[in-house]
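Remarks on the structure that follows.
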Protein chains: 2
Amino acid sequence: MKIELAEKYGFCFGVKRAIKIAEENTDSSTYGPLIHNNKEIERLQKDFKVGLTDDHRSFKSGDKAVIRTHGIPKNELQELKENNVNVVDATCPYVTKPQQICQDMSEEGYDIIIFGDEAHPEIKGVKSYATHGARVVTCSKDLEGVKLKDKIALVAQTTRKVEDYMEVANYLIPRYKEVRVFNTICNATFENQEAVRKISTKADIMIIIGGKNSSNTKQLFSISHDNCSDSYHIEDENDLDYKWFINKKFCGISAGASTPDWIIQNVVNSIKKGS
Amino acid sequence: MKIELAEKYGFCFGVKRAIKIAEENTDSSTYGPLIHNNKEIERLQKDFKVGLTDDHRSFKSGDKAVIRTHGIPKNELQELKENNVNVVDATCPYVTKPQQICQDMSEEGYDIIIFGDEAHPEIKGVKSYATHGARVVTCSKDLEGVKLKDKIALVAQTTRKVEDYMEVANYLIPRYKEVRVFNTICNATFENQEAVRKISTKADIMIIIGGKNSSNTKQLFSISHDNCSDSYHIEDENDLDYKWFINKKFCGISAGASTPDWIIQNVVNSIKKGS
């Protein structure tokens with residue numbers, strides 16, 4: 001069986017940057033998981049003494065708090081600063097962007113629609129910057145029967161599929177006077193998705209590696225599954241089932257933006273050994 | 001044969017307003033045809049002494065110049081005012097809107113894309129307000145290979161089909177950081193188009209009445225023809241051919257925003273007599 005990696009996969013700029021920041025800030029704690037990959041977080045804890053807490057109130061004056069790639073709500077960031085916590089911001093600049101857009105558009109009187117997952121930390125953070133509130137939607141159906149202002153600003157979670165974003169934009173544009181569409185889906189997401197689209201049309205089995213709570217990995221899996229029904233989303237080599245590979249000829253591999261190379265390499269080696 | 005008018009058709013707010021302004025300004029001249037309907041222009045000339053000139057330089061100090069519904073280029077309006085011509089502005093407010101948007105967006109540093117017909121007077125006028133220039137397109141193909149700024153403002157000719165506008169918006173949004181989509185297609189256009197869409201699916205012959213150079217009438221004809229292959233665009237009853245109606249059971253009728261009721265009535269009466 002041929003095993004091939006997608007042309008683009010794995011760590012994006014924002015994740016690489018955040019890990020570098022964490023490695024440079026030993027004896028710190030991240031507030032929430034730095035990235036959506038437990039194995040990498042364990043490595044940072046073990047090798048760099050970067051802890052993890054789920055409550056921003058547990059930081060005391062002088063403590064070092066590393067802000068996760070997905071960002072945090074505006075009021076929590078303010079509280080940390082007010083409590084003299086040493087804030088080290090590892091928010092991905094592609095996430096800071098929609099936060100800023102929400103704040104500016106709110107102040108300019110636009111109704112804000114955020115396309116994404118309301119429960120995802122990135123969106124919790126982004127939404128908090130909309131001074132006058134924002135509505136989070138996953139598809140145009142969420143907007144049916146909703147009455148909005150005539151000026152709308154639309155932003156997207158950085159890791160979403162552009163086709164789904166366009167579905168929401170296409171619903172809004174004919175119905176309102178001005179729709180200001182900000183393309184906040186990040187380049188790495190675009191490129192990784194494009195590469196998965198390409199390889200999954202050729203492969204007869206696809207393995208997508210990444211945290212189960214990783215939004216961008218889930219999108220990669222969804223695109224892969226559209227083209228190749230034998231697609232599997234795994235966290236690491238332990239999730240592999242060798243029966244999947246029986247009679248397969250071409251195994252395509254991709255990985256989410258928060259999946260480190262060493263995990264990808266372990267998966268490739270395991271498939272090679274097992275198949 | 002059943003003859004039925006579309007639920008919405010004919011004169012729009014802007015045309016009604018312009019005709020009223022012209023009727024109130026006898027002994028004036030319009031610069032370019034007030035609306036795209038020769039019969040109505042003849043009536044205004046005959047009954048209200050509203051002349052017509054194709055050269056704005058022919059107006060002298062003290063002359064009364066009525067500005068057409070489609071608007072005119074900014075510099076020509078300025079020249080008229082500088083030459084102390086008495087300017088009576090009958091520009092449709094729905095056209096003034098995209099003119100203003102072009103000016104504001106140009107000043108805010110956006111690249112401006114106008115969806116419409118470069119040769120149409122409305123678009124010549126609208127484009128002239130884009131201080132730093134604008135690109136006029138009729139479909140996304142016109143944008144292929146074109147490099148634009150990361151901030152784009154998109155406006156539409158008031159009389160265009162929204163599906164075609166969305167095609168251009170859908171090309172731009174995934175490719176640029178911010179696309180500010182202004183829905184400048186006017187309500188009357190929307191409503192007349194929606195009504196034609198509805199009736200043309202039921203009719204076995206469709207008659208669309210309006211000036212041959214009327215953009216909105218052409219769009220109505222295009223929608224009608226998509227649903228009913230026996231669709232005809234006529235200017236008045238003299239263009240009717242009674243052979244069209246042989247064996248037909250349901251004749252649907254619509255008319256462009258610049259088609260006066262008396263022409264529509266003449267057409268209906270002629271069909272009734274002839275068929």
Side-chain angles (χ1 to χ4, degrees), chain A residues 93-98 100-105 108-113 115 140 148-194 197 219 223, chain B residues 93-102 104-105 108-113 115 140 148-194 197 219 223:
Chain A
Y94 289 112
V95 174
T96 314
K97 187 88 190 165
Q100 192 59 50
I101 290 169
C102 277
Q103 182 156 320
D104 293 347
M105 291 303 101
E108 288 187 32
Y110 286 79
D111 247 353
I112 294 170
I113 305 293
F115 166 66
S140 67
L148 300 168
K149 280 187 206 161
D150 251 351
K151 286 166 65 180
I152 295 165
L154 185 62
V155 298
Q157 191 169 348
T158 54
T159 48
R160 286 278 164 156
K161 270 164 80 176
V162 70
E163 297 90 328
D164 299 340
Y165 191 38
M166 292 308 298
E167 195 264 333
V168 175
N170 278 281
Y171 177 86
L172 289 171
I173 293 169
R175 288 172 172 79
Y176 295 93
K177 287 289 169 216
E178 181 188 349
V179 183
R180 209 161 159 172
V181 189
F182 293 91
N183 184 352
T184 48
I185 298 173
C186 81
N187 281 350
T189 296
F190 261 116
E191 289 170 3
N192 286 359
Q193 288 183 0
E194 200 47 46
R197 207 166 273 124
Q219 301 299 328
I223 293 169
Chain B
Y94 290 113
V95 174
T96 313
K97 187 86 190 166
Q99 288 175 348
Q100 193 59 48
I101 291 169
C102 276
D104 293 347
M105 291 302 102
E108 286 187 34
Y110 286 79
D111 247 351
I112 294 171
I113 305 293
F115 167 65
S140 67
L148 300 167
K149 281 186 203 160
D150 251 350
K151 286 166 67 181
I152 295 166
L154 186 60
V155 297
Q157 190 170 349
T158 55
T159 49
R160 285 279 165 157
K161 271 165 78 177
V162 70
E163 298 90 327
D164 299 341
Y165 190 39
M166 293 308 300
E167 195 263 333
V168 175
N170 277 280
Y171 178 86
L172 288 171
I173 294 168
R175 289 172 171 79
Y176 295 93
K177 286 289 169 214
E178 181 189 347
V179 183
R180 211 163 157 170
V181 188
F182 294 91
N183 184 352
T184 48
I185 298 173
C186 81
N187 281 350
T189 296
F190 261 117
E191 290 169 4
N192 287 357
Q193 288 182 1
E194 202 45 46
R197 207 167 273 123
Q219 301 299 328
I223 293 168

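The sequence lines fix the lettering, A, B, ..., with proteins before strands; numbering per chain opens at 1. Here the structure is a predicted model, which is why all the values come from computation and not from measurement.
- How far NZ of B:K97 is from NZ of A:K177: 8.0 Å, rounded to the nearest 0.5 Å.
- Ranked by heavy-atom pairs shorter than 4.5 Å toward chain A, the options B:L172, B:V162, B:I173, B:I101 are led by B:I173.
- Taking B:V179, B:N183, B:L154, B:I152 one by one and counting their heavy-atom pairs under 4.5 Å with chain A, the maximum is reached by B:N183.
- Heavy atoms closer than 4.5 Å to chain B are found in the side chain of A:F190, but not in its backbone.
- Closest approach of A:A169 and B:M166 over heavy atoms only: O-CE, 4.4 Å.
- Taking CD of A:E167 as the start and CG of B:N170 as the end, the distance is 11.0 Å to the nearest 0.5 Å.
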